[in-house]
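Structure first, commentary second.
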Amino acid sequence: MFDLSTLNPPQRAAAEHTEGPLLVLAGAGSGKTRVITFRIGHLLLDRKVRADSILAVTFTNKAAGEMKERVRELVGRSRCKGMVISTFHSLGVKILRRDIERLGYKKNFSIYTTSDQLGLVRQAMREVNADGKKHDAEAILWRISGWKNGLIPPDRALPRYDDPDELLAGDVYPIYQRLLRACNAIDLDDIIMLTVGLLQGHPEVLEHWQERFRYIMVDEYQDTNASQYLFISLLAKKYKNLCVVGDDDQSIYGWRGADVGNILDFEKDYPGCRVVKLEQNYRSTGTILEAANHVIRNNVKRKEKRLWTDSGEGRPIDLVTAQDDEEEASLVVERIQMERYRHNLAFSDFAILYRTNSQSRAFEEQLRFESIPYVLVGGMQFYERKEVKDALSYLKVIDNPLDEQALLRIVNFPRRGIGDGTVLRINQWSLEQSCHLMEAFGRVGEIEGINEPTREKVLAFHRLVTGAAEDFRRSGDLAGRVKRLFARLGIEEELYRTIEEPATARRKVENVEQIINSMAGYEERIPGATLSGFLEKVSLMDEDRFSGKDKKEHGRDAVTLMSLHSSKGLEFPFVFLVGFEEEILPHKKSMEEGGTIDEERRLCYVGITRARRHLTITRCLHRKKYGKLLERQPSRFLEEIPERLVQFHEGGAKKAATEEEQEALAQDFFARMRAKLG
DNA sequence: TGCCTCGCACTTTTT
DNA sequence: GTGCGAGGCA
């Protein structure tokens with residue numbers, strides 16, 4: 001229950017300091033989330049602050065969800081009404097939905113994520129006659145995104161002359177922004193940039209939100225970039241009841257423009273602010289903590305702190321060396337089985353953490369093979385699949401007919417004989433007439449150079465979409481409407497027809513059906529659910545708490561797989577830190593970019609400190625890359641961990657070459673397990 | 001005009 | 001292993 005005396009003195013000081021700026025420097029595992037939740041509890045129950053005056057901002061949906069959960073547990077659901085605990089992006093969208101018309105966008109704007117963004121960048125590149133080969137769209141988008149995160153508008157973007165990508169990006173940026181606007185769409189970076197613009201340019205809007213959120217808390221403050229920093233500064237300017245929590249050692253978003261300076265300079269920004277340091281670690285064993293401390297102290301530019309614990313030493317860290325990535329996966333899974341049996345644990349006590357999402361594949365396969373349940377966190381996976389994007393694009397067009405990226409996706413899906421040539425012609429015409437692509441489809445009769453049967457097909461498509469939009473204007477039963485729409489479109493038949501492998505087709509059909517399930521789950525949860533709301537959640541990757549799939553998986557006992565970035569803020573009794581090799585951790589790209597490896601080291605630090613009871617680090621001698629077996633070197637961070645903390649293990653030479661052999665080995669393993677259990 | 005197949009180049013991290 | 005663009009064929 002809610003009792004401030006259960007906190008240690010600095011924790012309590014932080015929770016009780018409610019008026020005026022507060023900086024909490026919280027080391028890993030120092031009970032940071034506990035402080036934030038107790039602080040909210042204190043505001044609500046002791047200071048009698050209205051719930052809807054409280055705002056807590058985090059970076060990931062997962063962190064926001066967890067915080068909501070913990071606050072509800074502490075004070076009860078009913079007391080939380082109106083409180084906003086969300087990510088920067090969700091908060092931005094909330095503010096924009098109310099007043100974006102002041103910036104010349106319509107209220108039903110779409111949110112463009114990576115693939116839509118790339119589509120627009122390519123289009124813009126074509127407009128400046130840049131061939132897609134030399135400069136790939138991703139590099140251009142990267143530069144544009146960097147400018148946006150720094151709040152630099154197209155007319156103030158100054159490319160460096162020695163960087164061809166950046167020069168081209170400078171040309172593309174204004175066109176890209178224009179195209180977005182024409183689609184009534186904003187991209188993920190716009191969410192923050194436009195919100196800041198709105199607040200800066202419209203004092204009455206700023207006033208509204210300043211009055212609304214009198215008590216503001218920001219988690220992981222070390223990861224804020226320039227635009228997020230300004231966003232929060234604006235909101236907090238009036239009442240200055242701003243509490244920021246962070247740890248410079250866990251700053252891992254420098255690549256996204258995050259500036260550790262924001263947390264290091266907080267005391268300068270808010271003179272007379274209270275500073276609280278949390279240095280006692282309640283999470284990990286002495287061994288794990290010592291390893292982490294040894295690694296991180298190789299970073300020079302940091303606020304000196306010494307994390308300590310009074311819990312015991314614990315088990316040594318296991319270092320497992322595998323022959324290759326396949327064996328790495330099987331050794332990890334084998335160990336999970338063993339530890340689980342030996343200590344009577346749940347699968348959810350284990351996490352496998354990796355540097356890059358692509359590393360998950362081998363582990364997924366192995367877990368599936370052993371019939372062990374797992375949850376894969378992050379890595380756009382589901383909504384990035386082609387068939388899902390295609391089907392979803394119908395909903396996007398219905399919601400916002402100006403969304404050209406979505407419109408272009410569906411115009412010939414399922415195949416209806418409207419090919420690239422026709423679309424190109426219509427698009428040209430729409431530019432000449434400066435009317436919208438959707439409108440041009442309806443007026444295809446006026447366009448020359450398109451033959452009659454094709455015109456008829458285009459008109460049929462136009463009728464189909466406008467008819468569907470009509471249907472969705474009625475409220476209620478969204479899932480039912482989507483189901484009927486997909487059936488009428490014949491998406492299922494199209495997938496079976498065009499995909500040779502029946503199993504693949506089946507899987508894709510199931511994925512499309514999954515959209516309907518997610519929709520149903522969303523409707524169930526949110527009263528007055530709307531299509532916009534659903535699509536917004538999808539774009540902000542905030543869908544896992546209502547989708548049908550995860551509802552089944554939620555609370556299910558499963559091993560967690562995720563990237564090191566996603567793992568920040570979380571903890572697990574048993575952690576497997578895998579792929580501990582040069583070029584993975586630290587990552588090759590991070591070193592090429594002329595950058596420092598300090599951020600990679602912090603990432604490593606984050607990984608180690610996720611573990612409570614036991615840490616296993618694994619690496620491979622060889623790894624398959626583009627089908628070739630390459631030799632690997634151990635990560636340089638390995639040398640930074642004192643040898644006395646580590647126990648070394650070698651992978652067996654026993655390797656299954658064929659599926660039969662694999663099956664035999666598996667059977668053998670299960671037999672041994674059963675023998676032990678019996 | 002539309003569709004299919006082949007080849008090439010890339011795989012950091014998140015909202 | 002994937003997704004894009006180009007080029008050739010129906």
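A quick note: this is a predicted structure, and the numbers were derived from the prediction, not measured. Within every chain, numbering begins at 1; the chains are lettered A, B, ... in the order of the sequence lines, protein sequences first and strands thereafter. Side-chain atoms are counted along with the backbone in the values below, which use heavy atoms only and exclude waters and symmetry mates.
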For nucleotides 1-5 of chain B, list the nitrogen or oxygen atoms of the protein found under 3.5 Å from its nitrogen or oxygen atoms, one pair per line.
{"from": "dG2(B)", "atom 1": "OP1", "to": "G417(A)", "atom 2": "O", "distance (Å)": "3.4"}
{"from": "dG2(B)", "atom 1": "OP1", "to": "G419(A)", "atom 2": "N", "distance (Å)": "2.9"}
{"from": "dG2(B)", "atom 1": "OP1", "to": "T422(A)", "atom 2": "OG1", "distance (Å)": "2.5"}
{"from": "dG2(B)", "atom 1": "OP2", "to": "G421(A)", "atom 2": "N", "distance (Å)": "3.3"}
{"from": "dG2(B)", "atom 1": "OP2", "to": "T422(A)", "atom 2": "N", "distance (Å)": "3.3"}
{"from": "dG2(B)", "atom 1": "OP2", "to": "T422(A)", "atom 2": "OG1", "distance (Å)": "3.2"}
{"from": "dC3(B)", "atom 1": "OP2", "to": "N412(A)", "atom 2": "ND2", "distance (Å)": "3.1"}
{"from": "dC4(B)", "atom 1": "OP2", "to": "R415(A)", "atom 2": "NH1", "distance (Å)": "3.2"}

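If you measure from atom CD of Q359(A) to atom P of dG1(C), you get 18 Å, rounded to the nearest angstrom. What separates CZ of R623(A) from P of dG1(C) is a distance of 17 Å, to the nearest Å. In this structure, the CG atom of L570(A) is 17 Å from the P atom of dT13(B), given to the nearest Å. To the nearest angstrom, P of dT13(B) lies 13 Å from CG of L585(A). Rounded to whole Å, atom C1' of dA6(C) lies 14 Å from atom CZ of R122(A). In this structure, L408(A) atom CG and dG5(C) atom P are separated by 12 Å, rounded to whole Å. Atom pair I140(A):CD1 and dC10(B):P shows a separation of 14 Å (rounding to whole Å applied). Going from atom CG of L188(A) over to atom C1' of dT14(B) covers 9 Å, rounded to whole Å.
OP1 or OP2 of dT13(B) has at least one side-chain nitrogen or oxygen of N357(A) nearer than 4.0 Å. Contact check, S539(A) against dT15(B): no side-chain N or O comes under 4.0 Å of OP1 or OP2. Between R355(A) and the phosphate of dT11(B), there is no side-chain N or O to OP1/OP2 separation shorter than 4.0 Å.
Under the 4.0 Å criterion applied to side-chain N and carboxylate O atoms, K396(A) and D403(A) are not assigned as salt-bridge partners. A salt bridge is defined here as a Lys NZ or Arg NE, NH1 or NH2 lying under 4.0 Å from an Asp or Glu carboxylate O, and E510(A) with R507(A) fails to meet this definition. Between D219(A) and K32(A) there is a salt bridge, since at least one side-chain N of the basic residue sits less than 4.0 Å from a carboxylate O of the acidic one. Taking 4.0 Å as the cut-off between side-chain N and carboxylate O, K588(A) and E600(A) do not count as a salt-bridged pair.
With hydrogens and angles ignored, a donor-acceptor pair under 3.5 angstrom links the side chain of H89(A) to the base of dT15(B).
Applying the ring-ring contact (aromatic ring centres under 6.0 Å, His included) rule to F461(A) yields the partners F441(A); only residues at least two apart in sequence or on another chain are considered. With sequence neighbours left out, the side-chain contact (heavy atoms from CB on, under 4.5 Å) criterion links D598(A) to N299(A), T596(A), R601(A), R602(A). Y229(A) is linked by a ring-ring contact (aromatic ring centres under 6.0 Å, His included) to nothing, counting only residues two or more places apart in sequence or in another chain. Applying the side-chain contact (heavy atoms from CB on, under 4.5 Å) rule to E536(A) yields the partners V93(A), R97(A), I111(A), L540(A); only residues at least two apart in sequence or on another chain are considered.
Using modelled atom types and a 3.5 Å distance limit, the side chains of Q222(A) and D248(A) yield no donor-acceptor pair.
Within 4.0 Å of F88(A), counting heavy atoms only, lies no atom of the nucleic acid at all. Across all strands shown, S90(A) has no heavy atoms under 4.0 Å from either base or sugar-phosphate atoms.
Mapping R256(A) and E138(A) onto DNA chain B by nearest heavy atom places E138(A) closer to the 5' end of the strand.
Judged by centroid separation below 5.5 Å and plane tilt below 30°, W255(A) stacks onto the base of dT13(B).
Checking side-chain atoms of S393(A) against main-chain N and O of K389(A) turns up a donor-acceptor pair under 3.5 Å.
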Practice item. Would you write the dot-bracket representation of DNA chain C, where each base gets (, ), [, ], | or . depending on whether it forms a Watson-Crick or G-U pair under 3.5 Å and with which partner? Key: .|||||||||
